[in-house]
Amino acid sequence: MRILKVIALLLDYPDKALVEGCQALSTAIDSAVEINPAQRAALRGLLDDLAGNDSPAVVQARHDRLFKDGSGLSLLLFEQVPGSSRDRAHAMAELKARYQQAGLVIAVGEQPDYIPLYLEYLSTCDGHTAQECLADVAHLLALLAARLEERDSRYAACLRALLQIAGVSPQQVMEAARERVLQELCDVGGLQVAGAGLPSHPPQA
């Protein structure tokens with residue numbers, strides 16, 4: 001599924017290759033039948049921002065600030081929800097084995113649950129498998145999307161597109177995620193909001 005590779009590149013650390021491949025990426029977005037016209041337009045808007053007039057250094061600095069560890073916006077999939085270290089280690093090992101079977105090479109220091117890497121792997125799978133795998137982690141993707149929306153970030157378009165590809169109801173899953181984000185914001189302010197608990201599903205590979 002080519003669009004998954006495109007979204008992986010959009011979410012990944014922006015570099016010179018992204019700018020040089022802007023036209024090819026735009027064409028791939030326009031031809032993506034897996035997402036609707038509104039989602040395609042939103043992805044093109046993000047691409048325009050990343051490959052626009054700002055220098056690569058400025059774009060990279062924005063990416064660093066947005067997705068820094070501990071901000072709730074980590075691009076590590078299993079950082080979105082709490083879980084035991086044993087469960088995470090098992091999920092990481094399972095992902096790593098899948099990547100090796102698919103012939104993907106993990107860079108030194110790169111985590112298996114790094115979302116762009118996960119999407120690159122899914123882009124090598126058949127459409128049905130890729131959709132099922134995305135549906136398994138839809139609640140995590142929605143939570144990250146809601147946090148990005150709270151910051152008015154165009155990167156939220158990537159996560160909304162993934163939810164649509166997963167075949168879930170974006171409106172329903174995003175509503176639950178927004179409640180979680182509201183709870184986080186209220187907790188910071190010392191308030192409590194009823195009914196905004198943790199996602200009901202454990203992290204899945």
Side-chain angles (χ1 to χ4, degrees), residues 1-13 34 63-64 66-150 155-156 158-170 172-181 183-184 187 195-205:
M1 197 179 294
R2 189 182 183 192
I3 187 61
L4 294 180
K5 177 68 172 179
V6 173
I7 295 174
L9 290 171
L10 290 175
L11 284 173
D12 205 358
Y13 189 71
E34 299 88 355
H63 189 278
D64 284 338
L66 185 63
F67 293 112
K68 64 182 179 180
D69 292 339
S71 69
L73 291 176
S74 170
L75 286 174
L76 298 177
L77 193 60
F78 301 145
E79 287 293 321
Q80 306 308 316
V81 291
S84 72
S85 57
R86 179 179 298 180
D87 289 342
R88 293 190 186 197
H90 176 75
M92 294 287 199
E94 185 176 322
L95 277 178
K96 190 172 182 178
R98 291 187 187 185
Y99 297 161
Q100 290 173 340
Q101 290 175 359
L104 294 181
V105 178
I106 302 178
V108 175
E110 193 169 39
Q111 296 297 317
D113 65 335
Y114 182 55
I115 293 176
L117 179 60
Y118 185 57
L119 295 178
E120 184 177 354
Y121 159 69
L122 292 183
S123 72
T124 69
C125 301
D126 63 84
H128 179 71
T129 299
Q131 185 181 52
E132 282 192 336
C133 289
L134 288 173
D136 283 343
V137 296
H139 58 295
L140 304 182
L141 299 175
L143 185 55
L144 181 55
R147 288 169 175 163
L148 286 166
E149 284 185 349
E150 181 64 29
Y155 278 105
C158 293
L159 286 303
R160 289 194 299 266
L162 292 175
L163 291 173
Q164 190 169 86
I165 295 169
V168 301
S169 169
Q172 182 176 358
V173 73
M174 284 294 296
E175 182 177 350
R178 290 187 186 103
E179 289 180 359
R180 168 71 186 276
V181 171
Q183 177 68 71
E184 292 171 350
D187 285 346
L198 297 176
S200 59
H201 304 287
Q204 301 180 51

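Note that the coordinates shown come from a computational prediction; the quantities given were computed from them, not determined experimentally.
Between Leu11 and Leu159, the closest side-chain pair of non-hydrogen atoms falls below 4.5 Å. Annotation: side chain of Tyr155 is in contact with side chain of His63 (closest heavy-atom distance under 4.5 Å). Val6 places a side-chain heavy atom less than 4.5 Å from the side chain of Ile3. Counting heavy atoms from C-beta on, the side chains of Leu10 and Lys5 never come closer than 4.5 Å. Leu119 places a side-chain heavy atom less than 4.5 Å from the side chain of Leu162. Under the 4.5 Å side-chain criterion, counting only non-hydrogen atoms from C-beta, Ser123 is not in contact with Met1. Looking only at side-chain heavy atoms (C-beta outward), Tyr121 and Leu95 stay at 4.5 Å or farther from each other. Between Asp113 and Tyr118 there is no side-chain heavy-atom pair separated by less than 4.5 Å.
Taken from CZ in Arg98 to OG1 in Thr124, the straight-line distance is 11.0 Å, to the nearest 0.5 Å. In this structure, CG on Asp126 lies 10.5 Å from CD on Gln131, to the nearest 0.5 angstrom. For the atom pair CD1 (Ile165) and CG (Leu4), the distance works out to 5.0 Å, reported to the nearest 0.5 Å. Taking CG from Leu77 and CG from Leu117, the interatomic distance works out to 11.0 Å, rounded to the nearest 0.5 Å. Rounded to the nearest 0.5 angstrom, Cys158 SG and Leu141 CG are separated by 11.0 Å. To the nearest 0.5 angstrom, Ile115 atom CD1 is 11.0 Å from Leu122 atom CG.
Considering all non-hydrogen atoms of both residues, Ala166 and Ala135 come closest at CB-N, 3.7 Å. Considering all non-hydrogen atoms of both residues, Ala91 and Phe78 come closest at CB-CE1, 3.4 Å. The two residues Pro116 and Ala8 come nearest to each other via the heavy atoms O-CB, 3.4 Å. Contact detail for Ala156 and Ala145: the closest heavy-atom pair is CB-O, 3.9 Å.
In this structure, the ring of Tyr13 has its center no less than 6.0 angstrom from the ring center of Phe67.
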